[in-house]
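Step one of this worksheet: look at the structure below.
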Amino acid sequence: MEHTLTQIKDYADLTVAELAALVDSLRLPRHMAIIMDGNGRWAARRGLPRIAGHKKGMEVVHEVVETCARLGVPALTLYAFSTENWKRPPLEVSFLMSLLTLYLRQELSLMKRENIRFSTIGRVEDLPAEARAWIEKAKTETAGNTGMVLDLALSYGGRWEIIEAAKKIAADIKSGKMEPSALDERTFSGYLDTRGMPELDLVIRTSGERRVSNFLLWQMAYAELYFTEALWPDFTQRDLLIAILDYQGRQRRFGKTSEQLGS
Ligand code: FPP
């Protein structure tokens, strides 16, 4: 803890270019995920409607995706809409759905330019037809890209994902396709929406909240968690680099002792 705080104090004196130069490209998180929280509060503080916060939040998504792709992060999952978010006022829900369509229309060129492969997790079938059509288009047109995987969590919930996996496993056992004894962590992971994606190494949550909110529950088992007070619309490239540097400054033990890791 002491170590982390000292580092953050030091980072304050550095420019974005200096911070970027400090990032060790060989020890990037293999998979980063972000809970983009605080759009509503950002707007309220300015006397604006909540949707203004989501709109500004979308601009931040652009910058974060571009920076992660250029750094060489292999996979980035963004929590864009949870299974619980359907309970929001209908106008906000429909605005978020139109924003998703707008995002895909605008950002497909960035994905192509930066060699990003677009992907989703969650119940995409719940989304309006226009959003689904753009999702399909973005997936198809970036399918051959070999750089970062940009994964949007849409109508996603961690418990839902685990239950869906359990149902598929039960069906495979019932039909004789799989023996119960064959089930282990690796095979279970293969039934999740994130199958084929690298291990989740770093989860960032903005806005000062310290919860995981039903996000990537299985995948989070060994991930490092990073919380920042910044509201999502205020989250900068600088904040992103500091989060990655903080992650790179941590010792990950995966249940072992520091002595074992040192030897
Ligand atoms: C949480 O802030 C944010 C969301 C539920 C939506 C996230 C959406 C974006 C960042 C913009 C669109 C992005 C894409 C990729 C289309 P909140 O509304 O819960 O904020 P609050 O806690 O301050 O109310």
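Counting starts at 1 for both ligands and their atoms, following the listed order.
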**Prompt:** For residues Ser155 and Trp86, is any side-chain donor paired with an opposing acceptor at under 3.5 Å?
**Reply:**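 Yes, side-chain donor-acceptor contact under 3.5 Å.
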Using distance only, find each side-chain donor-acceptor pair of residues 128-140 under 3.5 Å and give its atom names and separation, not counting sequence neighbours.
{"from": "Arg132", "atom 1": "NE", "to": "Leu127", "atom 2": "O", "distance (Å)": "2.8"}
{"from": "Lys137", "atom 1": "NZ", "to": "Glu141", "atom 2": "OE2", "distance (Å)": "2.9"}
{"from": "Lys139", "atom 1": "NZ", "to": "Thr120", "atom 2": "OG1", "distance (Å)": "2.7"}
{"from": "Thr140", "atom 1": "OG1", "to": "Glu136", "atom 2": "O", "distance (Å)": "2.6"}

**Message:** Going by the rule salt bridge (charged side-chain N to carboxylate O under 4.0 Å, His left out), which residues pair with Arg50 if we only count those two or more places apart in sequence or in a different chain?
**Reply:**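 Per chain and number, Arg50 pairs via salt bridge (charged side-chain N to carboxylate O under 4.0 Å, His left out) with Glu92.
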**Message:** Does the Lys NZ or Arg CZ of Arg45 fall within the cation-pi geometry relative to Trp42 - under 6.0 Å from the ring centre and within 45° of the axis?
**Reply:**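 No.
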**Asked** Got a salt bridge between Arg70 and Glu63, using NZ or NE/NH1/NH2 to carboxylate O under 4.0 Å?
**Response**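 No salt bridge links Arg70 with Glu63.
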**Asked** Got the residues with a heavy atom under 4.0 Å of ligand 1, by chain and number?
**Response**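 Residues within 4.0 Å of ligand 1: Met36, Asp37, Gly38, Asn39, Gly40, Arg41, Arg50, His54, Met58, Ala80, Asn85, Arg88, Leu99, Leu100, Tyr103, Trp232.
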**Prompt:** Tell me, which pairs form a salt bridge (charged side-chain N to carboxylate O under 4.0 Å, His left out) where one or both residues lie in residues 175-198, sequence neighbours left out?
**Reply:**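 Every pair satisfying salt bridge (charged side-chain N to carboxylate O under 4.0 Å, His left out) with a residue in residues 175-198: Asp172-Lys177.
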